[in-house]
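Values reported hereafter were calculated over all heavy atoms of this structure, with side chains retained and with hydrogens, waters and symmetry mates removed.
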Amino acid sequence: EEDLLNDVCREVVERWSDSQVVDAKEEKEDEVQAIASMMEKQARIVVKPKEVSQEEKQRKAALLAQYANVTDEEEYPFCALLGAPRPALFRNTNVEDVLNARKLERELLRDEFQKKKEQDKLQREKDKLAKQERKEKEKKRTQKGERKR
């Protein structure tokens, strides 16, 4: 009976492992099939080039030719007379922005310092008044003690 039981157990385990291998192969085949179908779909998608009419091409060429004929002297006649370099097409404001930010930060720090200075002054005055009041109370107490004697 034990031999028969061992044989049955072994057979069950073998069949189970065979079924697992078949399932894994089927899953891999499904994955491969899915990837292949996605690649086919992507291959079918083709971007059509934009068709430009002859009229649009001519208009674009005319504009480019018009801008190509403008020289620096025609564009900036006063710069040539003054001997100044041609002005930039845009103004770089990075340096100005950084300087303005630093200036603003310094002003904020200055204001904070001023407020702290005023608060410290008020606190010193309060401390001075409190010290003076303590002295007066001590003085009154000593006077009372001397009267009782």
Side-chain angles (χ1 to χ4, degrees), residues 9-10 12-149:
C9 287
R10 191 175 306 117
V12 167
V13 169
E14 286 175 4
R15 287 189 183 188
W16 180 81
S17 55
D18 289 344
S19 69
Q20 293 298 319
V21 170
V22 170
D23 288 344
K25 286 181 183 178
E26 288 176 1
E27 287 178 9
K28 287 181 183 177
E29 289 175 3
D30 290 342
E31 289 177 6
V32 170
Q33 186 63 30
I35 292 172
S37 66
M38 281 194 295
M39 290 175 65
E40 288 174 6
K41 286 179 184 176
Q42 286 180 348
R44 278 187 245 142
I45 298 173
V46 176
V47 177
K48 295 180 182 177
K50 182 180 176 184
E51 294 180 17
V52 181
S53 69
Q54 189 65 27
E55 182 181 317
E56 290 177 1
K57 287 181 184 178
Q58 289 174 352
R59 195 175 330 139
K60 183 176 180 181
L63 278 173
L64 288 174
Q66 179 184 355
Y67 284 113
N69 290 334
V70 176
T71 63
D72 289 344
E73 290 80 25
E74 292 173 349
E75 193 172 356
Y76 304 106
F78 299 111
C79 293
L81 294 175
L82 298 174
R86 189 175 76 119
L89 297 176
F90 62 91
R91 187 169 166 218
N92 189 352
T93 60
N94 291 341
V95 174
E96 292 176 12
D97 292 343
V98 169
L99 290 176
N100 287 336
R102 287 184 181 168
K103 184 178 178 182
L104 182 62
E105 185 179 351
R106 281 194 305 268
E107 288 176 3
L108 290 173
L109 289 173
R110 187 179 307 122
D111 291 344
E112 288 177 14
F113 177 75
Q114 197 67 24
K115 287 178 183 177
K116 182 166 180 6
K117 191 176 178 182
E118 290 174 11
Q119 288 176 351
D120 289 346
K121 186 177 179 181
L122 290 174
Q123 188 63 39
R124 281 194 300 272
E125 288 177 10
K126 287 180 183 178
D127 292 345
K128 188 176 181 181
L129 288 175
K131 185 176 180 182
Q132 194 173 15
E133 287 177 10
R134 282 194 303 267
K135 282 184 179 179
E136 288 176 6
K137 286 182 182 179
E138 181 67 28
K139 188 176 181 181
K140 287 180 183 179
R141 211 175 347 176
T142 55
Q143 285 177 355
K144 284 183 181 178
E146 287 178 8
R147 286 183 200 161
K148 289 180 181 178
R149 290 186 194 178

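Arg110 pairs by the salt bridge (Lys or Arg N to Asp or Glu O under 4.0 Å) definition with nothing, not counting sequence neighbours. For the side chain to side chain contact (heavy atoms under 4.5 Å, CB included) test, no residue two or more places apart in sequence or in another chain qualifies with Lys140. Every residue meeting the side chain to side chain contact (heavy atoms under 4.5 Å, CB included) condition with Glu138, not counting sequence neighbours, appears here in chain and number order: Arg141, Thr142. The salt bridge (Lys or Arg N to Asp or Glu O under 4.0 Å) check on Lys137 picks up nothing, with sequence neighbours excluded. Val52 meets the side chain to side chain contact (heavy atoms under 4.5 Å, CB included) test with Glu56, Lys57; sequence neighbours excluded.
Heavy atoms of other residues, nucleotides or ligands lying less than 6.0 angstrom from CD of Glu55 number 12 at most. Within 6.0 Å of CD on Glu107 lie more than 12 heavy atoms contributed by other residues, nucleotides or ligands.
Between the CG atom of Leu109 and the CG atom of Leu104 there is a distance of 9.5 Å, given to the nearest 0.5 Å.
With a 4.5 Å cut-off on side-chain heavy atoms, Lys139 and Lys135 do not count as touching. Side-chain contact check for Gln66 versus Leu63: some heavy-atom pair is nearer than 4.5 Å. Taking 4.5 Å as the limit, every side-chain heavy atom of Glu112 sits out of range of all side-chain heavy atoms of Lys116.
Annotation: side-chain hydrogen bond (donor to acceptor under 3.5 Å, both in side chains) contacts involving residues 121-133, sequence neighbours excluded, comprise Gln123-Asp127.
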